[in-house]
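Worksheet: the structure to be examined is printed underneath.
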Amino acid sequence: MPPFAMPPVPPMALSLDTARGALAPEGPMLVRRMSDLEGLFRSADAWRAACDGDDPVVYEVTSSPVPELPRELPQSVTTIRPGACGGEFHMTKGHQHPDPQGEIYLGLSGRGGLLMFDGERPEWVDMGPGTIGYIPPGWAHRSVNTGDEPYRFLAVYPGSAGHDYGWVLEHGMGLRARRGTGGEVSLVPYDG
Ligand code: M6P
Ligand code: ZN
């Protein structure tokens, strides 16, 4: 019998509470605080001050029970809280897939952006409820909350893709999303 005939999880329905970002049944849950985002914001001083303060939760990731294994299609719901650090909007760490495979995001609530970078070219996709963002193979990806409410999205990705965070620390993401004086999004060069 081929291995895919004995799946680690059975066929199932999941319920998604878009207002709370909850999945049922639910798998692992991840909470990332400001102190988990070292080296990512432009202003190291602002980042340190936030860590030394209340070290706020920046985002939470709720996963389905589908495991990150080859041939599986795990799902997760990420909620990025509103806010900024040194004028830069709250964002995810961002990662590259060590096994270059695509990924799909579906905006659920709030306003955000999907920043992608292939090492040379950055791309920005405005995200909101009902927007599907497509991440092609080989593009690192980071999500940003550009609004005043929590920004929430569903992700579906190949279970063998993996998460390489070192790639982003080494190569950057091409652009930074800063909050303008009127609250608007200002995209600036990564070192700007
Ligand atoms: C989405 C998916 C996850 C990812 C999460 C948080 O839900 O892309 O695979 O873990 O966002 O992003 P990061 O891993 O960059 O912190
Ligand atoms: Zn990914």
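We count ligands from 1, going down the list as the structure has it; atoms in each ligand are counted the same way. Numbering starts at 1 and runs along the sequence shown.
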Pro25 versus Ala13, closest heavy-atom pair with distance: CD-O, 3.9 Å
Step through the shown structure and confirm whether more than 12 heavy atoms of other residues, nucleotides or ligands are within 6.0 Å of [atom1] on [X].
| X | atom1 | answer |
| --- | --- | --- |
| Glu26 | CD | yes |
| Asp17 | CG | yes |
| Glu184 | CD | yes |

Out of all atoms in ligand 1, which are within 4.0 Å of some heavy atom of [X]? Include the element for each.
| X | value |
| --- | --- |
| Ala155 | 1 (C), 2 (C), 7 (O) |
| Ser76 | 1 (C), 2 (C), 3 (C), 7 (O) |
| Tyr157 | 9 (O) |

The single option from Leu154, Ile135, Thr78 passing side chain to side chain contact (heavy atoms under 4.5 Å, CB included) against Tyr105: Ile135
Under 3.5 Å: N/O of Tyr59 near N/O of ligand 1: yes
Any N or O of Gly94 closer than 3.5 Å to N or O of ligand 1: yes
To the nearest 0.1 Å, how far is [atom] from its closest protein heavy atom, and which atom is that?
| atom | result |
| --- | --- |
| atom 12 (O) of ligand 1 | Thr92 CB, 3.8 Å |
| atom 2 (C) of ligand 1 | Glu103 OE2, 3.3 Å |
| atom 14 (O) of ligand 1 | Tyr165 OH, 2.5 Å |
| atom 10 (O) of ligand 1 | His163 NE2, 3.3 Å |

Donor + acceptor pair across side chains of Ser109, Glu149 (<3.5 Å): no
Exam field: side chain Arg142 to backbone Met91, donor-acceptor pair closer than 3.5 Å: no
N/O donor-acceptor pair under 3.5 Å between Arg81 side chain and Pro150 backbone: no
Stepwise salt bridge (Lys or Arg N to Asp or Glu O under 4.0 Å) test for Arg33 and Asp36: CA-CA 5 Å; Arg33 293 183 173 275; Asp36 296 313; over 6 Å; no
Parallel, tilted or perpendicular, as decided by the 30° and 60° cut-offs, for the rings of His95 and Tyr165: perpendicular
Arg32 heavy atom under 4.0 Å from ligand 1: yes
Full working for salt bridge (Lys or Arg N to Asp or Glu O under 4.0 Å) between Arg176 and Glu88: CA-CA 7 Å; Arg176 293 185 183 280; Glu88 213 175 327; 2.9 Å; yes
Best match, Thr62, Val58, Thr78, Leu114: closest heavy atom to atom 5 (C) of ligand 1: Thr78
Atoms named by residue and atom, protein N, O or S, within reach of the Zn ion (ligand 2) (under 2.8 Å): His95 NE2, His97 NE2, Glu103 OE1, His141 NE2
